[in-house]
Enquirer: 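Before we start, here is the structure in question, set down as structure tokens.
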Amino acid sequence: MSSSYLLRRVGYGLLLMLGVVVLNFLLIRLAPGDPAVVIAGEMGGATEEMLESIREEYGLNKPVLVQLWIYVAGVAQGNLGESFFFNQPVAKLIADRIGPTILLVVTAQLMSIALGVFLGVLAARKPNGVMSAFVSVFATIGYAVPVFWTGIMLIILFASSFPIFPVEGMQSVKLRDAAWYVQTADVLHHLILPAFTLAIIYLAQYARLSRASMLEVLGSDYIRTARAKGAPEKSVLFKHALRNAALPILTVAGLQFGNLISGALLVETVFNWPGMGRLAFDSILRRDYPTIMGVLFFASAMVVVANILTDISYRWADPRLRGKS
Amino acid sequence: MTALLEIEDLKVTFNTRYGQVTALDGVSLHVNAGETLGVVGESGCGKSITALATMGLIPMPPGRIAGGSIRLSGEELVGANPSRLRALRGADIAMIFQEPMTSLNPVFTVGDQIAEAIMLHQKVSPDQAFKDAVALLDRVGIPSPDARARDYPHQLSGGMRQRVMIAMAVSCRPKVLIADEPTTALDVTVQAQIFDLLNEIQRDFGAAIILITHDMGAISEMADRVAVMYAGRVIEEAGADDVLDHPQHPYSRGLIDCIPALGREDHALKEIPGVVPPLHLLGDGCAFADRCEHANDRCRREKPLLAAHGHHPAACHGVEEGRI
Ligand SMILES: Nc1ncnc2c1ncn2[C@@H]1O[C@H](COP(=O)(O)OP(=O)(O)OP(=O)(O)O)[C@@H](O)[C@H]1O
Ligand SMILES: [Mg+2]
């Protein structure tokens, strides 16, 4: 892969982030009323001195373009403003919570792709078989059922009937001082239900998509060539066919990542997962604008990074795309 | 002496939306070690299906081997267990396909694809297999084989890809090499090179070749014996010169008349009028009757069998009755 290509992709990503920052800026300026009041979060409790200090910090008495410049420069230096609800810089609020969110989202993404593709491949092997029918039904259900409902059902199931997975939080209080590997295992244990809840919608989609993609690929001439060499069926499916069937799956995986992050907002709320989604939810209810903007900024950054990774994996999967832009 | 590969009374059916059709209706062929058997016939007459059946690669469903026998060095392949067939495929019987552009996997380098074929049947390290692959690429006349081995198929021309396919097919020194129209998709100069290459390969490796083609010119250059197929049957079989010089069946005559002769006065290409009837419309009579100027009532009623009446075996009532 050419590094100039990578550089260009990163450049586009930064440009996109700049767009997000400008939108964030406009969001506040276009909200009705005094921006200082809006930024203070309409807490009612904002004193005149507080508003004055906000006007000072954001340069609200200066021309709009200067305001924009001050804001963008601030963000570039890692200053996302101050949450007047938490009385903390937004950057710190997010830094404390982005880890759990990344853990949840990435686990859900990997889980849905791995399981979905596996089911899809099995289904494609016998297009009229039981597995194929199961995938179709499962895909429809998985797609139709809202994520919070799945979450609540799983909580009910595992909180009372089969209490084998924790249904709340990310760590057990009593294990706070345990060895690191005990803590890690504890976090993974807590991770299973929320990650599965988040994964299930996409899992169903990937299963259906990879079934269709595999069926198409399995009819191609090079698959016949692989069989003519005497390659065993497992290698025909998982090596020769899957690598070729992966392209549409990767495309969708990249596109879905943004949806996955907004899904995480709900799942974190349902499972009380201490991530950014929970923070976003709370700050929306409180109209804590600086925090909302910070969350938006970081969610966009995650999507941008995911898209760059998708592009790279695309080129890994299909050599025909290498050396082209 | 039994032949190296013997196909006897092979019957292959397909389930289609017109119901079950018989794609191969009692095909018998054989090829001896070191020999080249040409199989000719128009599109759709069952050449590829015969080849795929021999490889154990008929898609089932919709296909089914409804009867007959395929024996390699006396070993029965019809109904043999899949792992035994896998062990033979690529090792003892190999095949070169009609479509060089699409027969290589686009996401692996050609060197890796050849090395894979080697490693499936021989106990060698990946490094050694790759070196062998480079040597094979050199053998099939690919310039700078070391660099080309690291190329992906889309970086090679059609002729180069077909050479790669040949290298892959001969990588384990198969006893039988089936070449299914190896040059149809290539331009004329490249065609001649590929045929030369196949001849050399046969000399070096001693493989029996089944050369499937539409091209009577290729037959005259390559084949020792020829089987002419029509609508899922072999309708004439003999030494290549016999068939070319004394074609018996009117269909074979038609095919030979289609060869554009150099320096011939009339430059218009001849062709056999009509088309091969679709499989689901085959009746009881000779499948060629509707296109044959010699056809009579018996031809339309009763299927002719392959038997020696004239110069050599042909399946034609007219030849049997001495009318043709
Ligand atoms: N999967 C299939 N389903 C139904 N019929 C099939 C299938 N594959 C092949 N056939 C039929 O079998 C017959 C023989 O096909 P085959 O591919 O062997 O022809 P061919 O002689 O190789 O022709 P060509 O010169 O075009 O390659 C054709 O009539 C075709 O319609
Ligand atoms: Mg064919």
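Just so we're clear, the structure is a prediction, and the values are computed from it rather than from any experiment. So that the names make sense, note that chain A is the first sequence line, chain B the second, and so on, each numbered from 1.
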Enquirer: Any chance CZ of A:F238 has more than 12 other-residue heavy atoms, nucleotides or ligands included, within less than 6.0 Å?
Expert: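 Count over threshold, so yes.
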Enquirer: Can you tell me if B:Q162 and B:T183 form a side-chain donor-acceptor pair at under 3.5 Å?
Expert: no
Enquirer: Answer with side chain, backbone, both or neither: which region of B:A117 has an atom nearer than 4.5 Å to a non-hydrogen atom of chain A?
Expert: both
Enquirer: Could you walk me through whether A:K234 and A:K239 satisfy the side chain to side chain contact (heavy atoms under 4.5 Å, CB included) test, starting with their C-alpha distance in whole Å, then the side-chain angles of each, then the deciding distance to 0.1 Å, before giving a yes or no?
Expert: CA-CA 8 Å; A:K234 201 168 57 187; A:K239 182 178 167 192; over 6 Å; no
Enquirer: Under 3.5 Å, is there a donor on one side chain and an acceptor on the other for B:H214 and B:E181?
Expert: yes
Enquirer: Side chains of A:P232 and B:L120: does their closest heavy-atom pair fall under 4.5 Å?
Expert: yes
Enquirer: Near A:F196 CZ, under 6.0 Å, is it more than 12 heavy atoms from other residues, nucleotides or ligands?
Expert: no
Enquirer: Name, in order of residue number, those residues of residues 13-20 of chain B that have a heavy atom at a distance of less than 4.5 Å from a heavy atom in chain A; otherwise write 'none'.
Expert: none
Enquirer: Going by atom types alone, do B:S125 and B:D127 pair a side-chain donor with an acceptor below 3.5 Å?
Expert: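 Distance-only check fails for B:S125 and B:D127.
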Enquirer: Give me the ring orientation class for A:F134 and A:F138: parallel if the planes are under 30° apart, tilted from 30 to 60°, perpendicular past 60°.
Expert: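 Aromatic pair A:F134/A:F138 classed parallel.
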Enquirer: Between CD of A:Q205 and CD1 of A:I200, what distance do you get to the nearest 0.5 Å?
Expert: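 Rounded to the nearest 0.5 Å, the CD-CD1 separation comes to 12.5 Å.
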Enquirer: Quick check: under 4.5 Å, non-hydrogen atoms only, which of residues 101-116 of chain B neighbour chain A?
Expert: B:T102, B:S103, B:L104, B:N105, B:P106, B:V107, B:F108, B:Q113, B:E116
Enquirer: So for B:L52, is it side chain, backbone, both, or neither that comes closer than 4.5 Å to the heavy atoms of chain A?
Expert: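 Just its side chain gets close to chain A.
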Enquirer: Tell me, for A:A317 versus chain B, whether the close heavy atoms (under 4.5 Å) come from the side chain, the backbone, both or neither.
Expert: backbone
Enquirer: Strictly by modelled atom types, are A:R315 and A:S313 linked by a side-chain donor-acceptor pair under 3.5 Å?
Expert: no
Enquirer: If you draw a 6.0 Å radius around CZ in A:R208, do more than 12 non-hydrogen atoms from other residues or ligands fall strictly inside?
Expert: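 Check fails, neighbour count at 12 or below.
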